[in-house]
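For reference, the structure is listed below as structure tokens.
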Amino acid sequence: MQIYTVETLSGRRIKEGELLHASIVLAANLLRDAREAVTNAVGGKMLRYERLLDRANSDALELLKEKAAAAGYDGVLAVRISNPFMVQGSAAVTVYGTGFTFLSDDAVAVPVPHDEASTTPRD
């Protein structure tokens with residue numbers, strides 16, 4: 001399962017699918033919170049929370065891949081990570097993108113209708 005931040009794949013014909021999303025909330029433990037409270041008071045990098053956010057991002061992306069596979073998609077385009085944050089000792093992350101399937105060379109791609117306002121050039 002592949003995920004991409006780009007909105008189109010050059011050289012590959014695809015059929016776009018539905019919007020997919022995944023959210024993860026991971027809790028820090030009391031010991032980690034106490035250590036980070038000390039770091040917050042004296043200054044410095046909050047390495048334990050950084051690792052927790054990294055893990056939350058990775059877990060959310062893996063969940064997105066699982067959801068795409070379960071829906072029968074080959075991958076997800078235009079993947080975005082939405083505002084990972086720490087709140088009261090927990091890390092919350094939402095990721096989202098558009099599921100897609102690869103088309104064979106002999107398949108005819110069905111154009112996806114776009115809002116005219118988004119394709120109209122502006123002055």
Side-chain angles (χ1 to χ4, degrees):
M1 178 65 53
Q2 295 294 314
I3 58 174
Y4 301 94
T5 57
V6 296
E7 296 185 16
T8 60
L9 297 178
S10 19
R12 298 294 306 258
R13 294 166 38 99
I14 63 167
K15 178 181 177 189
E16 293 177 357
E18 64 186 333
L19 173 69
L20 300 172
H21 62 88
S23 297
I24 294 286
V25 179
L26 295 179
N29 60 40
L30 289 175
L31 181 59
R32 183 179 295 144
D33 283 345
R35 289 178 183 159
E36 294 300 357
V38 170
T39 302
N40 192 32
V42 297
K45 292 184 76 166
M46 300 177 95
L47 297 174
R48 292 167 198 87
Y49 279 173
E50 287 178 7
R51 286 193 297 271
L52 185 65
L53 273 174
D54 285 345
R55 181 173 162 222
N57 281 330
S58 295
D59 288 358
L61 290 168
E62 285 303 314
L63 182 57
L64 184 67
K65 288 179 184 180
E66 291 171 14
K67 286 185 171 188
Y73 293 117
D74 294 321
V76 185
L77 287 174
V79 172
R80 302 293 183 259
I81 298 175
S82 176
N83 300 326
F85 63 93
M86 297 294 302
V87 60
Q88 295 181 345
S90 65
V93 175
T94 298
V95 296
Y96 58 95
T98 302
F100 73 89
T101 53
F102 288 115
L103 294 174
S104 62
D105 290 335
D106 57 345
V108 176
V110 177
V112 177
H114 295 283
D115 181 9
E116 286 184 31
S118 66
T119 59
T120 306
R122 296 181 185 212
D123 294 297

Do F102 and V6 sit in the same hydrophobic cluster, where Ile, Leu, Val, Met, Phe, Trp and Tyr count as joined when their side-chain heavy atoms come under 4.5 Å apart?
yes
Give the minimum heavy-atom separation between L64 and A22, together with the two atoms involved.
N-CB, 3.7 Å
d(D54 CG, L26 CG) to nearest 0.5 Å is 11.5 Å
Do you know the tightest heavy-atom contact between I24 and D59?
CG1-C, 3.9 Å
Between CG on residue L20 and CZ on residue F100, distance to nearest 0.5 Å:
11.0 Å
Quick check: do V79 and L61 have side-chain heavy atoms less than 4.5 Å from each other?
yes
Shortest non-hydrogen contact from I14 to L103?
O-CD1, 3.6 Å
Closest heavy-atom pair, A91 versus L53, reported as atoms and distance to 0.1 Å, is CB-CD2, 3.8 Å
Please find the pair of heavy atoms, one from A92 and one from V25, that lie closest to each other, and give the distance.
CB-CG2, 4.0 Å
How many angstroms lie between NE2 in H21 and CG in L63, if you round to the nearest 0.5 Å?
9.5 Å
Locate the shortest heavy-atom distance separating V93 from V95; write the atom from each residue and the value.
CG1-CG1, 4.1 Å
Would you compute the distance between atom OH of Y96 and atom NZ of K67 and round it to the nearest 0.5 angstrom?
14.5 Å
Whether over 12 other heavy atoms sit under 6.0 Å from R80 CZ:
yes
Which distance, rounded to the nearest 0.5 Å, do you find between the CE of M1 and the CD of E62?
10.5 Å
